[in-house]
Amino acid sequence: MYLKKANVCIFLLMLLVVAKSSAQNNLTSHKVSQQFVSEYPSEKQWKNIPAHPRLFANNSRIESLKLQNDEVSKELLLLLKNNAEKTLKSAKIEYPATGFKFSEVRNVQGRILTLGLAYRVFGDKRYFERAKAELMQLAELPDWCPTHFLDVGEATLAAGVGYDWLYNDLTPAERETITQAIIKNGINPSLDAKESNENKSWLNGNFNWNPVCNGGLLVGALAIYESEPKLARQIVERSIKYIPNHGAVYAPDGTYAEGTAYWSYGTTFQVVMIEALRSVFGSSFKIESFPGFLKTTNFITQIVGPTGYEYPFSDAGHEGSQLSAKPLAERYTSEPIMLWFARENGSRVEARDEINSIALAKSIVLNDTLSKAQKSHSRHFALEVLWWDPKLPAMDKNSFLPLHWTADGHMPIAVIRSAWNDPLASYVAIKGGTPNNSHGHMDVGSFILEANGVRWTLDLGGESYDKMRAAKLDLWNYSQDSNRWTTFRPGPDSHNILRFNNARQDVSGLATISKLSDKKGVVGNVVDLTSLYKSQVEKVSRTVKMFPNKSITIQDEWQTGEKGVEYTFQWVTGAKVSLRPYGALLEQNGKSMKLKIEVINSKLKPEILIEDVSKSKAPQDSDNPGVSRLLIKLNSLPLSKTVLKITTITLK
C-alpha cells in the first residue's frame, strides 16, 4: 500500500526541512561516505537465511546466555526478569487515532523486546501472552504515522523483532497479520522516499533519522523475508546503500554533531543494523568500519564532566540543575551500546560506567522492590543483555582516557581535565563546528567549565519542540535569518560565546580546533572562529588553557578591519555573581570562583554587566531558574588587535 497523495506531500515537506545541514559539513561527510565501498549480501547468503528466531539471538545464543554465570550476566538477567514483571503490570498503551505515535511505538518496542527475551530465557508463558498482545495491538493499527517517519522506523523494529522472536508460538493467522502490517505500515510508505545523493531525507541523511528509519525497516524486512523475498531484499540493500551517509559523521575521532541524546539514538540504531545483519548473514558488510565509529565512546565519555553531568550542546536534554556534582555512588546511565562497544573493542574499561550502573540498579531492586525507587532502563535493555561478553579482560581500575583530548571532524571538540574519577577535578570542554547542522545551536566556541565540584558555566540544552511549534517557528531551519535563532536556548544569547555588535554567528562558517604543545604542564587548545565572524572582524580565535595548579584561562584575540566593533564575552551561570575590582566573583553551593578579567597590553577597561535570564521573554522560551549572564563588553577601534583574558581561580 502506498501513501495517499496528501500524506505524501506532507511527508516530503517534513523531509526537506528536517536536515538543512551546512554545505561544508555535508561536503565533508559526503567525501567520507563516498570513500566507503558498500558490500551487499551474496546470492548464497540470501538462499541460506536461517530459520526463526534469527534476529540478534538464535536459540543457540539463548542457551549460551542461560549458562553465563559471571556477576554482570547475573545482574543483567535479574534486571531483565524484574523489568518483565513490571511490564506485566503496566497499563495498556493508548495510541492516538491520528498524528504522532512516537512515544507509544517506542514504549511498545521496549515492552516487546523485554517480554520477548524474558520469555525465551525464562520460559514463562505470561511473558509470551503479554508480548503477543502488545504486538498484535501494534499490528492492527491503521498506520504508524508515516508523516513523522521516525515513528515508522521504531514501530517496524518492534514488529520485526516480535514476529521473529515469538514466531514459533504464533498462529499462522497472527503471523500473517503482523507480516501485512510490516508491509503496509512500514515498508510500503518508505518506498515514497526519493533516492538521491543529497542529504535531505531520513533515507540518505547524515543525521539520526537515517539509522533509525533504515535500521527499523531493515529489521522488519529480514523478519518477513520468506513472505516477501524480493521486497525484503530491496529494503535491506537500500539500507546498506545509504547508511554510509550517517556513518561518515563520526570521522575521524568519533564526535557526533547532533549532541549527546542524538548520539545515543543514532548510534544505537546503527549498532542495531550491524547486529541484525550479522545475526542473519554472518556479516555486517563493514558498516561498523567507518573512521571514528569504533572510537565514539571516547566522545561520550569525555564530554561528561567531573560533576557527572554531560555537556548538553545542540538539542540535548537539560538534566537537572547541573549546579552541583552528583555523588559518585549515585551516578547512573542506561546506555546498552556501551556493552556492545566494549565487546567490539575488547575493552571492559569502555563499559566501566555502564557496568557500575547495572550493579547499582540491581542493588536497588534487591533492597527496594518499589517500582518508583528503581532505576529506569533503556527500551533496548534486552539487547544489552545479549551484547554483554563475559570473556572480556578484567577491568584495569587505573586505566582511563587521556586527560587532554582533542577531536577533529564534523563537530570538533576539545576536553581538558585535571583528573579522572574525582568530583572536585577542574574541567573545561570547548566546541567548534557550525550552527548549520541538524539540531545545531548558535554556540560555536562555547564551553563548559567545572572546578571544585561545581559547574560554573552552563549550557541550557534544547528548548521544547512543542513550544517552538506553538510559536510558529521554523524550528528545523538553520539558515542565517531563520527565526529558530530567536529562541533563547538554540540562539546565540544563551551560550558562552563571544559576540561582535550583538550579531549572530555566520552559519556558513566552520570552526576548527588545534591542540597546543604542552609546556611545563600547561595544556590547551585554540579554536579558530574567523569563519563564524567573517563579516564582522578580520580574524578571531579563542584559546583555553589549564595550568598545573588547576586554574583555567579563556583568552579571546581578534583583529578588526576598517570598522570598529563592540565585543561581548557571554558567561552563563547558575552562580551568584558579584563585581570586583579584578573582574567578578562567582559563588555557588558554599564555594567560590574568582574571575580575573584583563585586556592584555592595553589600558582599556571592559564594562561588566550582570543580567538575570531566569525568566522567559518569548512564548517559545522556557524559564531558566537561578540562571544569570555575565556580559563583558569592550569597544575595539578599526584596524586594531585586542586580547581579552579571563583567569579562573577556585577559592576555598
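Every value quoted in this text rests on a predicted model; they were computed, and no experiment measured them.
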Any donor-acceptor pair under 3.5 Å linking the side-chain atoms of [Y] with those of [X]?
X      : Y      : value
Ser314 : Glu258 : no
Asp506 : Ser508 : yes
Thr434 : Tyr478 : no
Asn437 : His410 : yes

I'd like to know whether the aromatic ring centres of [X] and [Y] sit less than 6.0 Å apart in this structure.
X      : Y      : value
Trp476 : Tyr465 : yes
Phe299 : Tyr256 : no
Tyr242 : His246 : no
His148 : Trp209 : yes

Parallel, tilted or perpendicular: which one describes the rings of [X] and [Y], with boundaries at 30° and 60°?
X      : Y      : result
Phe293 : Phe341 : tilted
Trp420 : Phe400 : parallel
Tyr311 : Phe313 : perpendicular
Tyr265 : Tyr262 : tilted

Report summary line: The residue among Arg542, Lys641, Lys539 that forms salt bridge (charged side-chain N to carboxylate O under 4.0 Å, His left out) with Glu557 is Lys641

Query raised in the report: Hey, mind stepping through Asp253 and Lys295 against salt bridge (Lys or Arg N to Asp or Glu O under 4.0 Å) and telling me if it holds?
Result: CA-CA 6 Å; Asp253 297 311; Lys295 297 191 292 184; 3.5 Å; yes

side-chain contact (heavy atoms from CB on, under 4.5 Å) partners for [X], two or more places apart:
X      : result
Asn635 : Glu566
Ala471 : Leu473, Gln620
Asn502 : Arg499

Query raised in the report: Within the side chain of Trp558, is there an N or O that forms a donor-acceptor pair under 3.5 Å with the backbone of Ser541?
Result: no

Query raised in the report: Can you tell me if Glu463 uses its side chain to pair, donor with acceptor, with the backbone of Ser622 under 3.5 Å?
Result: yes

Report summary line: side chain to side chain contact (heavy atoms under 4.5 Å, CB included) with Leu529: of Val537, Ile497, Val540, only one passes, and it is Val540

Atom of [X], atom of [Y] and distance for their closest heavy-atom approach:
X      : Y      : value
Arg504 : Gln480 : NH1-O, 2.8 Å
His495 : Pro490 : NE2-O, 4.0 Å
Tyr567 : Leu498 : CE1-CB, 3.9 Å
Leu532 : Ala511 : CD2-N, 3.6 Å
Asn206 : Val249 : O-CG1, 3.2 Å
Leu458 : Gly574 : CD1-N, 3.5 Å

Compare all side-chain heavy atoms of [X] with those of [Y] and state whether any distance is below 4.5 angstrom.
X      : Y      : result
Val613 : Asp493 : no
Val272 : Leu157 : yes
Trp202 : Asn214 : yes
Phe569 : Leu631 : no

Query raised in the report: Taking atom NZ of Lys515 as the centre, does the number of heavy atoms from other residues, nucleotides or ligands within less than 6.0 Å exceed 12?
Result: yes

